[in-house]
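Reviewing the structure listed below.
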Amino acid sequence: MDAYEVWAPRAGRVEVRIGDDSHPMRPDPVRPGWWRASGPPGPAAGHGTRYAYVLDGGTPLPDPRSRRQPDGPDGPSAVVDHGLFQWRQPWHGRPLPGAVLYELHIGTFTIEGTFDAAAERLHHLAGLGITHVELMPVCPFPGRHGWGYEGVSLWAVHEPYGGPDGLKRFVDAAHAHGLGVVLDVVHNHLGPSGNRLPAFGPYFTDRHHTPWGDAVNLDTPGSDEVRTYLLDSALAWLRDYRLDGLRLDAVHALVDNRALPFLEELSTAVDALSAAVGRPLFLIAESDLNDPRTTTPRDAGGVGLHAQWNDDFHHALHTAVTGESHGYYADFAQDPAAALAKILTGVFFHDGTYSSFRDRAHGRPLDRTGTPAHRFLGYAQTHDQIGNRALGDRLSPDQLAIAAALVLTAPFTPMLFMGEEWGAHTPWQFFTDHDDPDLAAAITRGRRREFAAHGWPESDIPDPQDPATRLRSCLDWSEPQLAPHAALLDWYRRLIALRHAEPALTDPHLDRLQASAGDRTLRITRGPFHIAVNFSDRDAKIPLSPRPLDVIASWVPCEPPGDGGDLHLPARSVAVLRER
């Protein structure tokens, strides 16, 4: 490391501590608020060197731009020379159009909970037909096990997972299987424990508030450097780890009143990096706004993100297969099949319409003739929609069979959550591993009180701090070979293969899709394909095309339509048909 540098605009004196030695730092003559010190000569400056910053004689603190935290979030940082890693696989990238994503949590994908153990299972995903793995956050967080959304060092990799080299080995292994890798990054907050950024500068502001406390400072004094911090971190993940894209957590919580939105600035920088490295790179937003401008190109007045999650599709689908109507599902429960028909042809259910859950109008209409559908991700399950249930319970195999057919024949970019392809019986629950006993107790109390308010006995809610909660959430890799899981896994493989083989099923033109709802039934037409769904508990007669149709996939056996074009579909089933 030729030089150590840190932004600490409020400090009167800064030192860098390397091992047992302290070295004074000097103000940067060009960049206000920055401090610099030349690195010591010899091995002490190289890869793996431990260092920390001391502000005004205080406690040594990790580098805000630390590339590695070998002893956890509160320990010293370590120098990482990314050039030392020997990449084995040449990689030219995989674009988002035509993709099938798979959301994966390193800590529970295997019982070992490491990058290397997860890499050993990548052949399963390649054989399934997945194109991209979407990793949940891997930045350092307190303890060994957690979801990852309480990260406190936005440039480093959680050491228990395998650290920086472990992530690189995983990415290299994924590329060897032809899989792209997307990383979930959290810019809207840091964890409640181990966050040292406020000691260095105005990374947060009390002018705005989020569900996690003070907002990240994107628009008040000092925000130029904060925005650069986040931009440089995002580019570093894509560049240094050869990632293909980033998923941006809860962008609606990024409060930003500047004329140039941070997200627009980020999309501009990522597009420039994509051109420089010669491979496709993309950004996927999680947004609760139903605002088409999120994915509208910059030259058309949008912020230019390349895709976003579509929770409306999930909510309508979940309501249709489960019958649940509490919370935000209430908006979709009156006629979930009709809600799905609207979403499949226009993306958003709430496009300026009244939301009973919010008690106000929500969303904005989207141009369905000029917006490619691959910019929106469709899914039946995610970490949020399972893990934020009281018991972390998943959909049943029969529910998933219907959901999978809709997800994988929809115009949206499909995404699966790990284990859903075989109907995993293991739940996915909320778990933490905080060392601070007061914080740990507060999290447990808060979780139990939250669900007690909705009628759950507190004793039934899993303790996030109990190691058994994480263990219950680990996938059981013996299940895919057993009944009924093997049949569902084969169903997913067939549907994904069909999607990859048939251009009509990845056609991004929303105005070429037709969808209509009946009495708890749904009919979809995509080119020569017809998808028929019966959500009800009784057999249904569904009118389809008068043209001859063949059943090419059905969860419950059914005969093709007769001369009148009516399909007799058993209860709670789905069929995919094709014109002869």
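- Seen from the ring of Trp309, Arg247 counts as a face-on cation partner, given the 6.0 Å and 45° thresholds.
- With contacts defined as side-chain heavy-atom distances shorter than 4.5 Å, the pair Trp237/Val157 qualifies.
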Side chain to side chain contact (heavy atoms under 4.5 Å, CB included) between His158 and Gln69, worked out: CA-CA 8 Å; His158 193 49; Gln69 289 298 119; over 6 Å; no
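- Under the 6.0 Å cut-off for aromatic ring centres, Trp7 and Tyr203 qualify, their centroids lying closer than that.
- In this model, a donor atom of one side chain and an acceptor atom of the other lie less than 3.5 Å apart for Arg360 and His362.
- Scanning for ring-ring contact (aromatic ring centres under 6.0 Å, His included) contacts around His252 gives an empty result, with sequence neighbours left out.
- No donor-acceptor pair under 3.5 Å is formed between the side chain of Ser233 and the backbone N or O of Tyr229.
- Using modelled atom types and a 3.5 Å distance limit, the side chains of Arg375 and Thr413 yield no donor-acceptor pair.
- A donor-acceptor contact under 3.5 angstrom links the side chains of Arg472 and Gln429, judged on distance only.
- The backbone N or O of Leu510 lies less than 3.5 Å from a partner atom in the side chain of Arg368, making a donor-acceptor pair.
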Side chain to side chain donor-acceptor pair (under 3.5 Å) between Thr114 and Asp116, worked out: CA-CA 5 Å; Thr114 65; Asp116 290 338; 5.6 Å; no
Derivation and outcome, side chain to side chain contact (heavy atoms under 4.5 Å, CB included), residues Gln89 and Arg242: CA-CA 11 Å; Gln89 300 299 324; Arg242 294 193 178 184; 5.9 Å; no
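- Taking the six-membered ring for Trp and the full ring otherwise, His314 and Phe332 have centroids separated by 6.0 Å or more.
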Stepwise salt bridge (Lys or Arg N to Asp or Glu O under 4.0 Å) test for Arg293 and Asp291: CA-CA 5 Å; Arg293 291 172 293 189; Asp291 187 350; 3.0 Å; yes
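- Note that the OG1 atom of Thr220 and the CZ atom of Arg258 stand 9.5 Å from one another [nearest 0.5 Å].
- Counting only distance, with no hydrogens or angles, the side chain of Thr295 and the backbone of Ala307 share no donor-acceptor pair below 3.5 Å.
- Side chain of Ser267 to main chain of Val303: a donor-acceptor pair is present (N/O by atom type, distance under 3.5 Å, no hydrogens or angles).
- Classified by interplanar angle (parallel below 30°, tilted 30° to 60°, perpendicular above 60°), the ring pair His383/Tyr149 is parallel.
- A side-chain donor-acceptor contact under 3.5 Å links Arg394 to the backbone of Thr426.
- Distance alone, capped at 3.5 Å, is enough to place a donor-acceptor pair between the Asp433 side chain and the Arg144 backbone.
- Using a 4.5 Å heavy-atom threshold, the side chains of Asn188 and Asp249 count as touching.
- Under the 3.5 Å distance criterion, the side-chain polar atoms of Trp477 are matched with a main-chain donor or acceptor of Phe109.
- Annotation: side chain to side chain donor-acceptor pair (under 3.5 Å) contacts of Arg512 (sequence neighbours excluded): Asp507, His509.
- Expressed to the nearest 0.5 Å, how far CZ of Phe529 lies from CG of Leu513 amounts to 13.0 Å.
- A side chain to side chain donor-acceptor pair (under 3.5 Å) check over residues 271-281, counting only residues at least two apart or in different chains, returns the pairs Asp271-Arg298, Asp271-His306.
- Between His124 and Trp422, a ring centre-to-centre spacing shorter than 6.0 Å is recorded.
- There is a side-chain donor-acceptor pair under 3.5 Å between Glu324 and His318.
- Side chains of Thr382 and Asp384: a donor-acceptor N/O pair is absent below 3.5 angstrom, by distance only.
- A side chain to side chain donor-acceptor pair (under 3.5 Å) check over residues 488-501, counting only residues at least two apart or in different chains, returns the pairs Glu420-Tyr492.
- Residues in residues 170-195 take part in these ring-ring contact (aromatic ring centres under 6.0 Å, His included) pairs, two or more places apart or across chains: Trp91-His175, His187-Phe262, His189-Trp212.
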Pair Asp331-Ser356, side chain to side chain donor-acceptor pair (under 3.5 Å): steps then yes or no: CA-CA 6 Å; Asp331 284 341; Ser356 62; 2.4 Å; yes
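- With ring centers used as reference points, Phe282 lies under 6.0 Å from His132.
- Put simply, the side chain of Arg94 gets close to the backbone of Gly178: a donor and an acceptor are under 3.5 Å apart.
- Under the 3.5 Å distance criterion, with hydrogens and angles disregarded, a donor-acceptor pair is assigned to the side chains of Asp219 and His208.
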Candidate pair Leu238 and Val270, rule side chain to side chain contact (heavy atoms under 4.5 Å, CB included), full reasoning: CA-CA 9 Å; Leu238 296 167; Val270 169; 3.9 Å; yes
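- Checked by atom type and distance alone, the side chain of Tyr328 never pairs as donor or acceptor with a backbone atom of Asp312 at under 3.5 Å.
- If you look at His145 and Phe431, their ring centroids are not closer than 6.0 Å.
- If you look at Trp428 and Phe417, their ring centroids are closer than 6.0 Å.
- Judged as a side-chain contact (heavy atoms from CB on, under 4.5 Å), and not counting sequence neighbours, the contacts of Ala410 are Phe313, Leu344, Phe412.
- Counting only N and O atoms by type, the side chains of Asp351 and Asn290 include no donor and acceptor under 3.5 Å apart.
- For the pair Met136 and Ile106, the minimum side-chain heavy-atom distance is 4.5 Å or more.
- Although no hydrogens or angles enter the test, the distance criterion places a donor-acceptor pair under 3.5 Å between the side chain of Gln399 and the main chain of Ser396.
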